[in-house]
Amino acid sequence: MKKFAVLGCGVVGSGVVELFEKNKALIEKRCGQTLEMGYILDLRDFPDRPYANLLVKSIDPILADPDVAVVAECMGGIEPAFTFVKSCLEAGKSVATSNKELVAAKGDILLQTAKEHDCNFFFEASVGGAIPIIRPLHKCLAANDFSAIAGILNGTTNFILNKMIKENMDFETALALAQEKGYAEKDPTADVDGHDACRKICILSSLAFGKHVYPESVHTQGIRNVALKDVELCNQLGYSIKLIARVQRLENGKILPTVMPMAVEEDNLLSQVNGVYNAVMVRGDGISKAMFYGRGAGKLPTASAVLGDMIEEVQLDHTIPSQTWVNVGNTDFIEDFSAFSAKRYFRTTTADVHTLTEIFGELENRTVSTEDDETVFIVSASMNAADVDRAVKALAAKNIQVLAQYPVLVS
Ligand code: HSE
């Protein structure tokens with residue numbers, strides 16, 4: 001018999017409790033032994049819940065109980081989660097977390113602590129909710145040299161963009177609905193401004209390339225300034241604007257992680273990912289590409305990933321060597337954002353396509369001129385930030401403004 005504890009009984013923590021209670025028999029069968037819920041740590045009281053007798057307000061009884069083999073950390077935030085998780089690992093108790101902020105900021109330290117104490121720091125639930133992506137990256141795909149990962153990693157923003165396009169819902173109403181459904185972070189600016197997706201691409205980049213990528217190293221831009229007009233016009237050109245978290249390995253061997261709204265080509269499966277669903281596209285030399293898809297947020301989908309990690313821990317008696325990365329003490333392996341280069345979508349205040357062609361070179365033949373004498377188009381060649389600057393200045397000299405521009409994600 002082994003026991004587990006749950007830290008934090010909010011949306012995800014209560015989901016772990018609920019899904020465990022519902023599927024206890026089959027979970028135990030898959031564990032190969034009995035598993036008991038021993039403790040739930042929360043500062044709040046839940047007198048009416050059936051598990052009220054398991055509630056504790058201190059980590060100490062959990063640390064002191066030798067039968068607790070694994071701890072589900074679902075508190076969110078850095079502190080006190082970091083202190084609690086580190087103490088659990090130092091006591092030889094494995095941890096399964098859904099807390100991407102913690103993994104992105106402290107994953108290197110916690111993985112090292114787990115290794116030193118013969119246990120595991122699991123974080124499948126920290127990226128993509130229900131989608132298995134952490135374990136596939138370091139196990140099923142472990143034979144690959146990875147070249148890129150691109151994904152829709154934030155359910156809230158994808159849900160909001162979708163509601164805006166399909167139901168003409170305004171931004172605030174769509175955000176309130178996402179919060180009501182338990183998708184959004186405590187502070188929804190983390191979703192809307194791209195920080196949540198940034199933490200997730202940090203985790204995937206660190207695991208795929210073996211070096212800790214911190215959020216400060218990632219160019220991050222959210223969806224706050226995405227205009228409905230561009231979403232609609234971009235659709236007419238055959239592209240969908242999505243918040244894309246991405247890391248590419250460049251020819252110089254450095255990696256370039258980014259989070260920003262991109263115009264996704266309709267041939268790219270990511271353009272078809274709607275609502276709260278997430279998807280991750282992985283490129284590697286053995287597989288070419290593989291796509292992972294599922295519910296990226298919500299109570300039971302995230303709890304499913306936490307419990308999956310806990311079940312693996314109950315079956316194990318060692319630290320998994322492939323599930324790790326290190327802090328190399330510098331960011332020399334990360335390329336500066338100025339090197340980012342892509343085809344681009346533009347909306348400009350002119351109907352004069354000839355002038356646009358003179359400045360940008362070849363345009364894709366799906367160019368559309370609007371009733372407001374604006375033109376939306378896709379530039380065929382890749383442009384970096386300096387190329388965009390030059391084009392904007394050349395247009396300004398002719399009294400033409402760029403009203404919006406998005407990089408394109410090709411298939
Ligand atoms: N706020 C996150 C999202 C929850 O919307 O994707 C899952 O990490």
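Keep in mind that what you see is a predicted model, and the values were worked out from it rather than measured. Numbers here are sequence positions counted from 1.
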Partners passing ring-ring contact (aromatic ring centres under 6.0 Å, His included) against Phe159 (at least two apart in sequence or in another chain): Tyr183

Lys/Arg-Asp/Glu bridge criterion (N-O < 4.0 Å) met for Glu374, Lys229: yes

Pairwise distance CG(Leu204) to CD1(Ile134) - rounded to 0.5 angstrom: 5.0 Å

Main-chain N/O of Leu153 paired to Lys200 side chain as donor or acceptor, under 3.5 Å: yes

N/O donor-acceptor pair under 3.5 Å between Thr302 side chain and Gly129 backbone: no

Side chain to side chain contact (heavy atoms under 4.5 Å, CB included) between Phe146 and Arg249, intermediate numbers included: CA-CA 8 Å; Phe146 297 113; Arg249 196 185 55 205; 5.9 Å; no

Side-chain heavy-atom pair His219, Val259 within 4.5 angstrom cut-off: no

Stepwise side chain to side chain contact (heavy atoms under 4.5 Å, CB included) test for Met37 and Phe4: CA-CA 5 Å; Met37 183 158 60; Phe4 70 91; 3.6 Å; yes

Heavy-atom donor-acceptor pair, Thr349 side chain to Gln401 backbone, under 3.5 Å: yes

Lys242 and Asn274, any side-chain heavy atoms less than 4.5 Å apart: yes

Test item: side-chain donor near acceptor, Asp336 and Ser338, under 3.5 Å: yes

Aromatic ring proximity, centroids under 6.0 angstrom, Tyr345 and Phe377: no

Side-chain donor-acceptor pair present, Glu116, Gln112, cut-off under 3.5 Å: yes

Under-4.0 Å salt bridge between Arg347 and Asp230: yes

Centroid separation Phe360 to Phe346 less than 6.0 Å: yes

Under 3.5 Å: donor-acceptor pair, side chain of Glu28, backbone of Leu35: yes

Residue pair Val192 / Phe171, side-chain heavy-atom distance below 4.5 Å: yes

Cationic N near anionic O, under 4.0 Å, Lys57 to Asp45: yes

Salt bridge Lys2-Asp67, side-chain N to carboxylate O under 4.0 Å: no

Between Thr173 and Asp170: side-chain donor-acceptor atoms closer than 3.5 Å: yes

Side-chain heavy-atom pair Tyr277, Arg295 within 4.5 angstrom cut-off: yes

Lys22 atom NZ, over 12 foreign heavy atoms within 6.0 Å: no

Side-chain ion pair, Glu90 and Lys86, N-O less than 4.0 Å: yes

Side-chain donor-acceptor contact under 3.5 Å, Glu364 with Tyr239: yes

Test item: side-chain donor near acceptor, Glu79 and Thr83, under 3.5 Å: yes

Under 3.5 Å donor-acceptor, Lys181 side chain and Ala176 backbone: no

Pair Asp187-Thr189, side chain to side chain donor-acceptor pair (under 3.5 Å): steps then yes or no: CA-CA 5 Å; Asp187 172 4; Thr189 59; 2.8 Å; yes

Gln323 (side chain) donor-acceptor with Phe121 (main chain) under 3.5 angstrom: yes

Candidates Phe209, Tyr214, Phe123 - the one meeting ring-ring contact (aromatic ring centres under 6.0 Å, His included) with Trp325: Phe123

Any donor-acceptor N/O pair, Thr324 side chain to Pro321 backbone, under 3.5 Å: no

Heavy-atom check, side chain of Glu18 versus side chain of Leu300, under 4.5 Å: yes

Pair Lys139-Glu312, salt bridge (charged side-chain N to carboxylate O under 4.0 Å, His left out): steps then yes or no: CA-CA 13 Å; Lys139 284 197 166 171; Glu312 178 161 23; 2.5 Å; yes

Expected output: side-chain Asn120 to main-chain Ile320 donor-acceptor under 3.5 Å: yes

More than 12 heavy atoms of other groups within 6.0 Å of Glu362 CD: no

Side chain Asn144, main chain Leu141, donor-acceptor under 3.5 Å: yes

Heavy-atom donor-acceptor pair, Asp196 side chain to Asp191 backbone, under 3.5 Å: no

Cation-pi geometry met for Lys254 and Phe333 (6.0 Å, 45°): no

Arg135 atom CZ: more than 12 heavy-atom contacts under 6.0 Å: yes

Audit row: Leu363, Ile378, side chain to side chain contact (heavy atoms under 4.5 Å, CB included) steps and yes/no: CA-CA 6 Å; Leu363 311 183; Ile378 306 277; over 6 Å; no

Asp387 bridged to Arg344 by N-O distance under 4.0 Å: no

Chi angles and distances behind the side chain to side chain contact (heavy atoms under 4.5 Å, CB included) call for Val273, Asn278: CA-CA 7 Å; Val273 176; Asn278 280 193; 5.7 Å; no

